[in-house]
Participant: 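I am attaching a structure below and will ask some questions about it afterwards.
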Amino acid sequence: MAILEDERLVELLVDRPEIDRTVGNIYLGKVEAVLPGMQAAFVDIGVEKSAFLHASDLVEPDEDDNGNGNNGGGGQSRGRKRRNSRPIPNIQDKLDRGQNLLVQVTKEAIGTKGPRVTAQVSLAGRFLVYMPLASKIGVSRKIESREERWRLRQMVRKALPKKAGGVIIRTVAEDLTEDHLKREMKSLLDLWKKIERKAHFVRLKAPHLVQREASLTSGIIRDLFSSKVDRLLVDSRDIHRDINRYLSQVHPELKKRVKLYRRRTPLFDEFDIEEEIRILFERRVNLPSGGYVIIEPTEALVSIDVNTGSYTGKKDHEKTILRTNLDAAREIARQLRLRDVGGIIVIDFIDMESQSNRDRVLQELRTHLGRDRARTRAFQVSELGLVEMTRQRVRPALWDSMTVQCRECGGAGSVFRPEVVARRLERSLRRVAHGNKETKMTVQIHPEVALYLVEQEPQFLEELRHATGMDVELRDNPTTQMDQFRLVAQPAGRDVTGEYEVA
């Protein structure tokens, strides 16, 4: 699924039958361990890795900024207290090992970490997010009209039974009618009763999946498709039919914006989305001004470097830099959404002398980050000229879910040059000679390394034979990695690389 704004790709969402998405799923889990020192517990929910539950996710969450629902405690502080919130309890006072607990996944398992869960379950509808264990009525901050916010709160207070929980009113609920609200409220309350019955009265054996989140397509239609979307193109008759059926119940006037794509040209080709996907995983992203940014994911954070490239301007150096930085701020915000980058991000904009220009670039970045569905926070420019920011991480970034580590370079992004391989080979053969075990050796190397030795070091083999006293034969082998070689002892044909290879 591709989301375009102003005819440019800003989000790419991928769902495959073999991928088991868990965010939003509700499980009856079993507490495996309680760790007071970390204020956390590990909960078995029946997936490969135990889920992580922080003490902050046992108490009522703060009002959501955007009403997206199912965010749980993903972006909450892990300090002793959260802002404008009740104190976080000691986790050992609330949980015991072996205890059954109803939890909801807020983050997919990423790398070596298991999924993150919250005990504050939320049920997302189209207009409302119902939180049965909370008590507040919140309104998305993206609904700016004070009168509309007040009207929606009053409607919810009227429709929500006493002590039935809390509600967040979503952005798409602007101008919501009372009939629509009552219908969705009833649907969410009924769903919660069904979940409670299943979890507590059917005697399920933990761990057990109690409620599965909507599919990717259904979730996107529920969360994003509104009157602000010009059109929705679908190339599947079945999905087109399902979407129209859903909209008939919740928002019939939007059905006219849903179109079945019938042309022979593939849908993504028609809108040049395939080309955007192709360059999505490249380090370098070119800017309209002629500058470029380099995006480098690391284990701890993502670093982004801004460069002027071919753009040098005509007269004013500061204006040249400002324009490049403004272009970069817009593109970086788009790339973070597009690549679904999460966690800590450090941006090295080009140094500017003017404080007002630095503020302008930061404001441009924040403005475009404001379009992001994930929670983001960009801090002031540091003394080193860096902008540090965070972006909510719910699932692995696209490069983690769609790529694998390069076998040749081990993820480093580079391999040793042929001349370096030659020196490593020389040292390894000297080590073989020192052992006095082998007299004849066949060396298999990559064709590019073989070509280097023939053209640049024609005496290499003869000098090596003289230095080691062994009969050494070189053979090029295209299946050998660029910076690797194999040592095969003759006449037995035994691979002895592991015994003698040097770093």
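We number each residue from 1, following the sequence as shown. Source: prediction; values computed, not measured. Excluded from the calculations below are hydrogen atoms, water molecules and symmetry mates; all remaining heavy atoms, backbone and side chain alike, are included.
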Participant: Under 4.0 Å between a Lys/Arg side-chain N and an Asp/Glu carboxylate O for Glu11 and Arg339?
Facilitator: no

Participant: Look at Arg423 together with Glu457 and state whether they make a salt bridge at an N to O cut-off of under 4.0 Å.
Facilitator: yes

Participant: Any side-chain donor paired with an acceptor under 3.5 Å for His466 and Glu462?
Facilitator: no

Participant: Is it true that Glu419 and Arg424 make a salt bridge, defined as a side-chain N closer than 4.0 Å to a carboxylate O?
Facilitator: no

Participant: Are Glu108 and Arg116 close enough for a salt bridge, meaning some N to O gap below 4.0 Å?
Facilitator: no

Participant: Ion pair present between Arg486 and Asp495, side-chain N to carboxylate O less than 4.0 angstrom?
Facilitator: yes

Participant: Measure the shortest side-chain to side-chain distance between Asp223 and Ile220 over non-hydrogen atoms and say whether it is less than 4.5 angstrom.
Facilitator: no

Participant: Between the side chains of Arg334 and Glu276, is the shortest nitrogen-to-carboxylate-oxygen separation below 4.0 Å, so that they form an ion pair?
Facilitator: yes

Participant: Are any of the side-chain heavy atoms of Ile347 and Ile345 separated by less than 4.5 Å?
Facilitator: yes

Participant: Could you tell me whether the side chain of Ile195 reaches within less than 4.5 Å of the side chain of Leu123, counting heavy atoms only?
Facilitator: yes

Participant: Determine whether Gln481 and Val415 make a side-chain contact, defined as any pair of heavy atoms from C-beta on separated by less than 4.5 Å.
Facilitator: no

Participant: Just wondering, more than 12 heavy atoms not from Lys113 lying within 6.0 Å of its NZ?
Facilitator: no

Participant: Do any N or O atoms from the side chain of Thr298 and from the backbone of Val302 form a donor-acceptor pair under 3.5 angstrom?
Facilitator: no

Participant: With side chains defined as the heavy atoms from C-beta onward, is the minimum distance between Gln104 and Ser122 less than 4.5 Å?
Facilitator: yes

Participant: Would you call Arg330 and Asp327 a salt bridge, using N to O less than 4.0 angstrom?
Facilitator: yes

Participant: Under 3.5 Å, side chain of Arg21 to main-chain N/O of Asp15, donor-acceptor pair present?
Facilitator: no

Participant: With a 4.5 Å heavy-atom cut-off, do Pro297 and Trp399 have their side chains touching?
Facilitator: yes

